[in-house]
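Just so you know, residue 1 is the first one in the sequence shown, and it goes up from there.
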Amino acid sequence: MGPGVGGGSVGENGRLPHNVDGAAADIGHIRVPELPEALCRCGSHDCLEAVASTGAIASRLGLSEGDLLASVM
């Protein structure tokens, strides 16, 4: 558990896809439009990270990130 949502993908040719900033396979910033609008730290809205990171979950529960992590460890 952490402040972001990580992951990636490998293309059909076995190579990692990337774009100019190297983040093309960053799943934490895919849009999740079915969930309530949430502002992500990247500045976009509805990112997976904005609703599923420890910071986002702690905020919805009224806890600090540290308290949330302590409660599940």
Please find the pair of heavy atoms, one from Gly28 and one from Cys47, that lie closest to each other, and give the distance. O-CB, 3.6 Å

Would you give the length of the straight line joining atom CD1 of Ile57 to atom CG of Leu69, rounded to the nearest 0.5 angstrom? 9.5 Å

Note: Arg31 and His45 closest approach over all heavy atoms is NE-O, 3.8 Å

Could you give the distance from NE2 (His29) to CG (Asp46), rounded to the nearest 0.5 Å? 13.0 Å

Say whether Val51 and Leu39 are linked into one hydrophobic cluster, either directly or through other cluster members, by side-chain heavy-atom distances under 4.5 angstrom. no

